[in-house]
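Reading through the structure tokens given below for one structure.
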Amino acid sequence: MDHFSTLILLLRDRATFLDEVRQGKKIESKILSLLVVSSLFFAIYGAIIGASSGWQQLLVSMVKLPALYLLTLLICLPTLYFFDILFGSKADFRQYAVLSLTTVAVISVLLFSFAPVTLFFLVSIRSYHFFLLLNVAIFGLTGFIGVRLFYAGIRSVMNFTEETPQIRNRLLLFWLTLYGLVGSQLGWTLRPFFGSPGQPFELFRQVEGNFYSQVIRSFFSLLFGS
């Protein structure tokens, strides 16, 4: 339950949580707790979306969805750390890690909160394209909220003020964009998460095209029934 108490502190009293991060209090335990709870919530949501294509996809998506968010963070975090210290940050890598994990944790909780809605549409509407676009919208909304809270949190912990070089704020915004692009393309690379009707189970699919073109195709397929 200590892992969940860390999450509750983040959700209910972000000011205290961020202040402890700023002071370097229990950073390692926070990192571990956020890893554990976010992986659990992602696994649950992954199981729900994977259930649309059978038990094999269910099990695989339970692993793939946590891996997607944690690998995205692993790929992008060094860029944030080294660029920010280059332009004046005094924080250590652990503080950047725990702040980045707050984003992942918030997204995982929000996805978990959408689980009943997703499960309802899974059993009531048997449309692959609708289910895909529904989840794109859910992932987009939860990702936006998580990133927005991260932006506010890191500016607070790193003591951004009017005297802070403007380049640091621009680099932070650039990193957030990079994080979104890497995450969406990595999700495309790790697919399938849902499976496709009429196709046999595959652990991975051939890497071709991109995430954005598939969303557009699904949108028009849903509209015109093709």
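Just so it is clear, the values below take in all heavy atoms, side chains as well, and ignore hydrogens, waters and symmetry mates.
In this structure, the side-chain contact (heavy atoms from CB on, under 4.5 Å) partners of Ala51, at least two apart in sequence or on a different chain, are Leu58, Leu122. For Ser33, the side-chain contact (heavy atoms from CB on, under 4.5 Å) test picks out His3, Thr6, with sequence neighbours left out. When the ring-ring contact (aromatic ring centres under 6.0 Å, His included) test is applied to Phe121, the partners found at least two apart in sequence or on another chain are Phe130.
Under the 3.5 Å distance criterion, the side-chain polar atoms of Ser39 are left unmatched by any main-chain donor or acceptor of Val36. No side-chain donor-acceptor contact under 3.5 Å links Ser52 to the backbone of Ile48. Under the 3.5 Å distance criterion, the side-chain polar atoms of Gln57 are left unmatched by any main-chain donor or acceptor of Ala47. At distances below 3.5 Å, not a single donor-acceptor pair connects side-chain atoms of Asn135 with backbone N or O atoms of Ile138. Remark: side-chain polar atoms of Ser156 are not paired, donor with acceptor, to backbone N or O of Ala152 under 3.5 angstrom.
Put simply, CG on Leu149 and CD1 on Ile107 are 9.5 Å apart, with the number rounded to the nearest 0.5 Å. One finds the CG atom of Leu71 at 7.5 Å from the CG atom of Leu68 (value rounded to the nearest 0.5 Å). The distance from atom CG of Leu119 to atom CD1 of Ile49, rounded to the nearest 0.5 Å, is 12.5 Å.
Checked against Phe150 for a ring-ring contact (aromatic ring centres under 6.0 Å, His included), the options Tyr179, Tyr96, Phe144, Trp175 give a single hit: Trp175.
Annotation: side chain of Leu70 is not in contact with side chain of Phe42 (no heavy-atom distance under 4.5 Å). You'll find the side chain of Thr164 stays beyond 4.5 Å of the side chain of Met158, heavy atoms only.
Evaluation of the salt bridge (Lys or Arg N to Asp or Glu O under 4.0 Å) test over residues 138-157, restricted to residues two or more places apart or in two chains, returns none. A salt bridge (Lys or Arg N to Asp or Glu O under 4.0 Å) check over residues 30-47, counting only residues at least two apart or in different chains, returns the pairs Glu20-Lys30. Applying the salt bridge (Lys or Arg N to Asp or Glu O under 4.0 Å) test to pairs two or more places apart or on separate chains, those with a residue in residues 62-85 are Asp84-Arg168.
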Kindly determine whether Leu7 and Phe41 satisfy side-chain contact (heavy atoms from CB on, under 4.5 Å), including the steps that lead there.
CA-CA 12 Å; Leu7 177 64; Phe41 288 147; 3.6 Å; yes
Can Leu80 and Leu171 be said to form a side-chain contact (heavy atoms from CB on, under 4.5 Å), step by step?
CA-CA 8 Å; Leu80 174 65; Leu171 284 171; over 6 Å; no
Could you walk me through whether Phe139 and Tyr45 pass the side-chain contact (heavy atoms from CB on, under 4.5 Å) test, one step at a time?
CA-CA 11 Å; Phe139 283 118; Tyr45 196 81; 3.8 Å; yes
Could you go through the side-chain contact (heavy atoms from CB on, under 4.5 Å) check for Leu101 and Leu73 one step at a time?
CA-CA 8 Å; Leu101 281 170; Leu73 193 59; 3.6 Å; yes
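Taking every heavy atom of both residues into account, Leu65 and Phe193 meet most closely at N-CE2, 3.8 Å.
Phe194 and Leu190 fall within the same hydrophobic cluster, where Ile, Leu, Val, Met, Phe, Trp and Tyr residues are linked whenever their side-chain heavy atoms come under 4.5 Å apart, directly or through other members.
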